[in-house]
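To start, the structure under review is shown below, and the notes come after it.
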Amino acid sequence: MISRLQLPILSASSACLRRRFSFYSTTAATASSFASHLSPPLKPQTPLFLRPLSHSTSPSSLLSFRQWAESLARSYAADLSVDGGPSASELIRELSWLLQDATFQAGETMLLRTDLQDLYCLWMQRIEERRPFQYIVGCEHWRDLVLAVREGVLIPRPETEQLVDLVAGVEGFKDGLWADLGTGSGAIAIGIGRILGENGRVVATDLSEAAVEVAQFNVGRYKLEDKVEIRQGYWFEPLQDLHGKLSGLVSNPPYIPSSHIPGLQAEVGKHEPSLALDGGMNGLDHLLHLCDGLISALKPGGFFAFETNGDKQSEYIVDFISSQGSNTFHDMRIVADFAGVRRFVTGYCQ
């Protein structure tokens, strides 16, 4: 699977980027008229690739856009590379994906899923504002899914895919009742829902209204309404009727220390929701809250899996859960992600 995730570290200065844009506007005059559309960013409710082909343009106009966009990417890349941003080749690859999602050739006419002016606006947002590419096109490729995302909803990461694999390794998981806490786009819940048996079910929760709306859209798109239920609320609160009944519980909670948020990559720190990132002073606030709720939520023999910031944070969680008594949980493990980071904590309730 090819992940589209591109998360550069720091943005170049806005003034520098505007100077670069002014230079290139002389070679693509139409672009300058779109500069006023940079803020606020567009917030599509439907992913770009799912919109109807209701606009059109000529091949030459689309070629002019592509040439302008590639020139803009090459111009900015020199500045962005100084602070860890995307390279010109990475940006041009994203441009190709954007055009794949937005266009369809019908004879001598190029059909578009959005107006050509919007493409100029979207690409300027990607470069100048460092708006994440996933928000630009309104989706992210994750496992074998294409999930809708938008501002206010965390972009699912490739490493989180492993939570679904951990569930799949649990004996009898297919007919179990599962919970996904802090579901965001619904990625984990949908991933689990697609591998459950006839009697299996997932209940997913999130505090964010935007996340609940997007998760419900994604569940409906994959026709999993009979398998995955989305509920709005804070962690365990929407699950009062399920306490002691869960076969398993998974979560990718906010685990980044508050002091680290300002130093995150521009695409993350400036655009993704702090509600889904900020784990408090040491990053453990929400993880510890989840640990405290395990005993009452899981049925005997129930499984849990949490994603963490890795290594020391995982070790702390294992120690914290173990301190609740040797007769409470068993088979506690720290599992490495595909990059070798000891990212997941798993175990079973007695």
Side-chain angles (χ1 to χ4, degrees), residues 142-145 147 154 156 160-208 211-253 286-308 317 321 324 327-333 335 344-350:
W142 193 85
R143 290 182 71 89
D144 57 345
L145 307 170
L147 299 166
L154 188 74
T160 305
E161 298 177 6
Q162 198 165 340
L163 281 172
V164 179
D165 297 327
L166 291 170
V167 169
V170 175
E171 184 177 355
F173 81 92
K174 286 192 173 183
D175 293 319
L177 174 60
W178 293 84
D180 170 24
L181 303 190
T183 194
S185 65
I188 300 169
I190 293 170
I192 295 172
R194 281 164 61 87
I195 61 174
L196 290 179
E198 182 178 353
N199 298 318
R201 181 174 164 229
V202 186
V203 180
T205 72
D206 205 291
L207 183 62
S208 164
V212 167
E213 181 180 337
V214 168
Q216 288 174 335
F217 175 90
N218 286 323
V219 168
R221 182 166 175 265
Y222 283 98
K223 303 186 185 307
L224 288 172
E225 294 92 339
D226 62 334
K227 290 290 183 185
V228 181
E229 178 186 356
I230 309 296
R231 300 182 182 183
Q232 185 173 1
Y234 184 75
W235 298 124
F236 294 99
E237 288 178 1
L239 303 179
Q240 297 296 321
D241 59 320
L242 301 179
H243 276 197
K245 301 178 182 179
L246 294 176
S247 305
L249 184 153
V250 297
S251 183
N252 174 25
H286 298 288
L287 278 163
L288 294 180
H289 179 77
L290 292 171
C291 292
D292 286 336
L294 283 175
I295 297 175
S296 59
L298 293 173
K299 70 180 185 180
F303 173 82
F304 71 88
F306 297 147
E307 181 173 328
T308 78
I317 292 301
I321 295 177
Q324 298 185 28
N327 294 326
T328 306
F329 296 96
H330 67 96
D331 290 347
M332 297 275 294
R333 290 196 303 147
V335 180
F344 307 99
V345 175
T346 70
Y348 291 83
C349 185
Q350 293 282 17

**OP:** Could you give me the CA-CA distance, side-chain angles and deciding distance for Val335 and Gln162, then say whether side-chain contact (heavy atoms from CB on, under 4.5 Å) is met?
**Re:** CA-CA 10 Å; Val335 180; Gln162 198 165 340; 3.7 Å; yes
Below 4.5 Å, heavy atoms only, C-beta onward: do [X] and [Y] meet side chain to side chain?
X: Phe306; Y: Val250; answer: no
X: His243; Y: Phe236; answer: yes
X: Leu294; Y: Phe329; answer: yes
X: Leu166; Y: Phe173; answer: no
X: Phe304; Y: Val345; answer: yes
X: Lys299; Y: Leu246; answer: no
X: Leu163; Y: Glu307; answer: yes
X: Cys291; Y: Ile317; answer: yes

**OP:** For residues Ala204 and Ala189, report the shortest heavy-atom separation together with the two atoms involved.
**Re:**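 Minimum heavy-atom contact is CB-CB, 3.8 Å.
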Original post:
Which heavy-atom pair separates Ile230 from Ala215 by the least distance, and what is that distance?
Top reply: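 Taking Ile230 first and Ala215 second, the nearest heavy atoms are CD1-CB, 3.9 Å.
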Original post:
Any idea how His286 and Trp235 line up, ring-wise: parallel (<30°), tilted (30 to 60°), or perpendicular (>60°)?
Top reply: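 Rings of His286 and Trp235: tilted, as their planes differ by 30° to 60°.
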Original post:
Mind checking whether Phe303 and Trp178 have parallel, tilted or perpendicular rings, split at 30° and 60°?
Top reply: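 Geometry flag for Trp178 against Phe303: perpendicular rings.
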Are [X] and [Y] within salt-bridge range, i.e. N to O under 4.0 Å?
X: Glu225; Y: Lys227; answer: no
X: Arg143; Y: Asp165; answer: yes
X: Asp144; Y: Arg194; answer: yes

Donor-acceptor check, side chain of [X] to backbone of [Y], threshold 3.5 angstrom: yes or no?
X: Asp206; Y: Val212; value: no
X: Lys223; Y: Val219; value: no
X: Thr346; Y: Ala305; value: no

Original post:
So which of Thr183, Leu181, Leu287 actually passes side-chain contact (heavy atoms from CB on, under 4.5 Å) with Ser251?
Top reply: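 Result for side-chain contact (heavy atoms from CB on, under 4.5 Å) with Ser251: Leu181.
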**OP:** Output, in order, the C-alpha distance, side-chain angles, deciding distance and verdict of side-chain hydrogen bond (donor to acceptor under 3.5 Å, both in side chains) for Gln232 and Thr205.
**Re:** CA-CA 5 Å; Gln232 185 173 1; Thr205 72; over 6 Å; no
Subject >> Evaluation steps, salt bridge (Lys or Arg N to Asp or Glu O under 4.0 Å), between Arg231 and Asp180 >> reply: CA-CA 10 Å; Arg231 300 182 182 183; Asp180 170 24; over 6 Å; no
**OP:** Please check if atom CD in Gln240 has more than 12 non-hydrogen atoms from other residues, nucleotides or ligands closer than 6.0 Å.
**Re:**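 Count over threshold, so yes.
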**OP:** State the CG-CD distance between Asp331 and Gln350, to the nearest 0.5 angstrom.
**Re:**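 So the gap between those two atoms works out to 8.5 Å.
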